[in-house]
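Reading through the structure tokens given below for one structure.
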Amino acid sequence: MAENEAKEILAAHYEFLRESWKPYPDIKVLDAIKVAISSIDKIQQYRAIGTVEEIKDILQIISDGQDDVDESGISTGLLHTLLEYAEYKKIGTVDECREARERRIPKIPDIWGDGYDNEGNMIYDMYDCPNCGKSYEMEYEEYKYCPSCGQAIDWSE
């Protein structure tokens, strides 16, 4: 169950219990539900800020870059380091890079047919990308990569 779904369920139960338990609501249960909803909100906020490791990495980058200060009082080392970091971030996250590297390894597509010839034999004229599963006609066999996700296609078989 996703966090947002859990929040919605908890909020709905909170409202239901608050209304149905009148005139003697169980305040401890209602408070517990409010704490659970608030906890989910805080976890989502912390994730948006970044992990502890990411914050430590950023602080290390800042401290590494604070060496030379120009006449305006701006740390040139810090600016240089931040520019390098911005270029690095354009490449993507480590997971995105890992996924892109995996897509470069050719995989054999699933070949299948969607029709029959005059003698009743299956015509194998379609293939599915082994990564994203999208289907393409075999006449596009010249594609070395899936047009949708970029997965390298192995046509050796």
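Please read these numbers as outputs of a predicted model, since none were measured by experiment.
Side-chain contact check for Asn131 and Glu102: no donor-acceptor pair (N or O, by modelled atom type) lies under 3.5 Å.
There is a path of hydrophobic side-chain contacts, each under 4.5 Å, that joins Ile33 to Phe16. When the side chains of ILVMFWY residues are joined at heavy-atom separations under 4.5 Å, either directly or via intervening members, Tyr14 and Ile9 end up in two distinct hydrophobic clusters. In this structure, Val29 is a member of the same hydrophobic cluster as Ile37, with clusters built from ILVMFWY side-chain heavy atoms closer than 4.5 Å. Using a 4.5 Å cut-off between side-chain heavy atoms of Ile, Leu, Val, Met, Phe, Trp and Tyr, with links allowed through other members, Ile40 and Leu17 fall into the same hydrophobic cluster. No continuous path of hydrophobic side-chain contacts links Trp112 to Ile153 [ILVMFWY only; heavy atoms under 4.5 Å].
How far CD of Gln44 is from OG of Ser39: 11.0 Å, rounded to the nearest 0.5 Å.
Using a 4.5 Å cut-off on side-chain heavy atoms (C-beta onward), Cys146 and Cys132 make contact.
Ring pair Trp155/Tyr127 is perpendicular by interplanar angle, where above 60° counts as perpendicular and below 30° as parallel.
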Item to check | Leu10 vs Lys34, side chain to side chain contact (heavy atoms under 4.5 Å, CB included): CA-CA, chis, key distance, verdict | outcome: CA-CA 8 Å; Leu10 288 170; Lys34 284 169 89 173; over 6 Å; no
Checklist entry - Between Arg104 and Gln151, does a side chain to side chain contact (heavy atoms under 4.5 Å, CB included) hold up when you go through it step by step? => result CA-CA 6 Å; Arg104 289 179 46 193; Gln151 172 64 52; over 6 Å; no
Checklist entry - Going through the checks in order, is the side chain to side chain contact (heavy atoms under 4.5 Å, CB included) test met by Asp110 and Met126? => result CA-CA 8 Å; Asp110 297 322; Met126 299 292 290; over 6 Å; no
Checklist entry - Could you go step by step and tell me if Leu30 and Arg18 meet the side chain to side chain contact (heavy atoms under 4.5 Å, CB included) rule? => result CA-CA 7 Å; Leu30 293 177; Arg18 191 170 62 88; 4.3 Å; yes
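Among residues two or more places apart in sequence or in another chain, the salt bridge (Lys or Arg N to Asp or Glu O under 4.0 Å) test is passed with Glu3 by Arg47.
Between the Arg103 side chain and the Cys149 main chain, a donor and an acceptor come within less than 3.5 Å of each other.
Listed by chain and number, the hydrophobic cluster partners of Ile43 come to none, as no ILVMFWY side chain reaches under 4.5 Å of it.
In plain terms, the two heavy atoms of Gly150 and Tyr145 that are nearest each other are O-CD2, 3.4 Å.
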